[in-house]
Amino acid sequence: MNDTITTDANPLILQQSSLELLPSFADQFNVLMTYYRSAIMEVETKFRVLDIQQSINQETNPIESIKSRLKSPESIMEKLQRRGLPLSIESIEQNLFDIAGVRVICSFPEDIYMLADALLKQDDVTLIEYKDYIENPKPNGYRSLHLIIEIPIFLQTEKRLMKAEVQLRTIAMDFWASLEHKLRYKKNLKNIEHYDEISRKLVACAEMSAMLDRQMEAIRNQIEGR
Ligand code: 0O2
């Protein structure tokens with residue numbers, strides 16, 4: 001019997017002799033990850049340019065730091081499986097929008113919206129999804145502005161549109177999210193004693209850090225006469 005290969009996007013029946021012509025899943029996966037890595041570089045550059053421009057115009061740097069990450073192969077496979085989606089290259093591109101992740105840590109909450117607006121005004125950026133967890137924090141206290149965008153990357157002979165997730169937060173929001181993430185992953189919090197009390201304490205910490213953000217911003221605005 002001939003070997004049969006099927007892909008979810010395009011069912012193919014191939015002879016064994018054709019097999020060596022096909023790039024393996026691993027090869028295609030690695031190429032795709034290179035495209036996402038390129039998308040990260042494009043998005044980072046856009047933010048660095050905005051930061052430099054602000055430092056010239058306003059003599060301030062709205063961005064404290066940028067942390068980027070490419071989702072790991074294990075996380076990609078886990079997410080596809082969890083959602084009952086096909087484990088294929090096409091499925092990754094069509095269904096997962098957070099493989100390229102860029103986290104922009106800002107000084108003040110107003111800077112987050114200024115940077116998001118400036119990014120979304122650029123004519124090569126398409127907004128796919130906008131989730132404002134600052135206006136509407138998650139019940140556990142999590143705050144950040146999340147954007148899913150599509151941007152072009154330019155290869156030798158083609159232009160490819162790639163999706164990326166941008167998370168914009170203040171230092172205080174990042175401080176809370178990083179510690180909450182560590183605590184959550186250290187233990188399965190839901191199974192421990194005093195879970196409700198711990199959840200309430202985490203929400204209270206998130207509210208304190210939001211208050212700190214508002215006060216620091218008010219001081220900045222007072223100093224700068226805004
Ligand atoms: P990592 O390692 O940061 O990538 P989903 O993407 O399916 O999990 P959804 O609703 O599409 O869920 O995404 P959502 O909630 O807009 O944002 C997902 C990402 O935001 C997470 O990615 C985290 O980075 C961050 N995030 C969202 N909620 C919380 C939270 O309660 N606490 C913390 N610390 N971070 C949060 P990943 O994939 O979970 O992890």
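Along the sequence shown, residues carry numbers from 1. Both ligands and their constituent atoms are indexed starting at 1 by order of listing.
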Just how far is it from atom CD1 of Ile63 to atom CD of Gln54, taken to the nearest 0.5 Å?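 Nearest 0.5 Å value for the CD1-CD distance: 9.0 Å.
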Between [X] and [Y] (side chain of the first, backbone of the second, donor and acceptor by atom type, cut-off under 3.5 Å), is there such a pair?
| X | Y | value |
| --- | --- | --- |
| Asp51 | Phe47 | no |
| Ser178 | Asp174 | yes |
| Ser75 | Lys71 | no |

Does Arg69, backbone or side chain, put an N or O under 3.5 Å from an N or O of ligand 1?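 Such a contact does occur with ligand 1.
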I'd like to check whether Asn140 has a polar contact with ligand 1, where a contact means an N/O of the residue lying under 3.5 Å from an N/O of the ligand.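 N/O-N/O distance under 3.5 Å: yes.
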Under 4.0 Å, heavy atoms only, figure out whether ligand 1 is touched by the backbone of Arg103, its side chain, both or neither.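 The answer is the side chain of Arg103.
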Taking 4.0 Å as the limit for heavy-atom contacts, which would you say applies to Arg83 with ligand 1: side chain only, backbone only, both, or neither?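 It is the side chain that touches ligand 1; the backbone stays farther off.
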Using a 4.0 Å cut-off to any heavy atom of [X], which atoms of ligand 1 qualify?
| X | value |
| --- | --- |
| Glu180 | 30 (C), 32 (N), 33 (C), 34 (N) |
| Gln167 | 19 (C), 20 (O), 23 (C), 24 (O), 25 (C) |
| Ala177 | 34 (N) |

Are Lys182 and Glu180 close enough for a salt bridge, meaning some N to O gap below 4.0 Å?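 Not counted as a salt bridge, because no side-chain N and carboxylate O are separated by less than 4.0 Å.
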Using a distance threshold of 4.0 Å (strictly less than), state whether [atom] has a protein heavy-atom neighbour.
| atom | answer |
| --- | --- |
| atom 40 (O) of ligand 1 | no |
| atom 37 (P) of ligand 1 | no |
| atom 22 (O) of ligand 1 | no |

Cation-pi between Lys138 and Tyr133: NZ/CZ under 6.0 Å from ring centre and within 45° of the ring axis?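 That pair qualifies as a cation-pi contact.
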Heavy atoms only: which of [options] lies closest to [atom]?
| atom | options | answer |
| --- | --- | --- |
| atom 29 (C) of ligand 1 | Trp176, Tyr142, Tyr133 | Tyr142 |
| atom 13 (O) of ligand 1 | Lys131, Arg82, Lys71 | Lys131 |
| atom 6 (O) of ligand 1 | Lys79, Arg143, His181, Lys182 | Lys79 |
| atom 15 (O) of ligand 1 | Lys138, Arg169, His146 | Lys138 |

Report, as yes or no, whether the 6.0 Å neighbourhood of atom CE on Met216 holds more than 12 heavy atoms from other residues, nucleotides or ligands.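 Check fails, neighbour count at 12 or below.
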Quick one: does Phe97 get a heavy atom under 4.0 Å from ligand 1?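 No.
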Would you call the rings of Trp176 and Tyr142 parallel, tilted or perpendicular, where under 30° means parallel and over 60° means perpendicular?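 Tilted, since the angle between the ring planes falls between 30° and 60°.
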For a quick test of reading the model, state the closest non-hydrogen atom pair linking Ser55 to Asn61 and the distance between them.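 In terms of heavy atoms, the two residues are closest at CB-ND2, 3.7 Å.
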State, without any angle test, whether Gln215 and Glu217 hold a side-chain donor-acceptor pair at a distance under 3.5 Å.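 No, no side-chain donor-acceptor contact under 3.5 Å.
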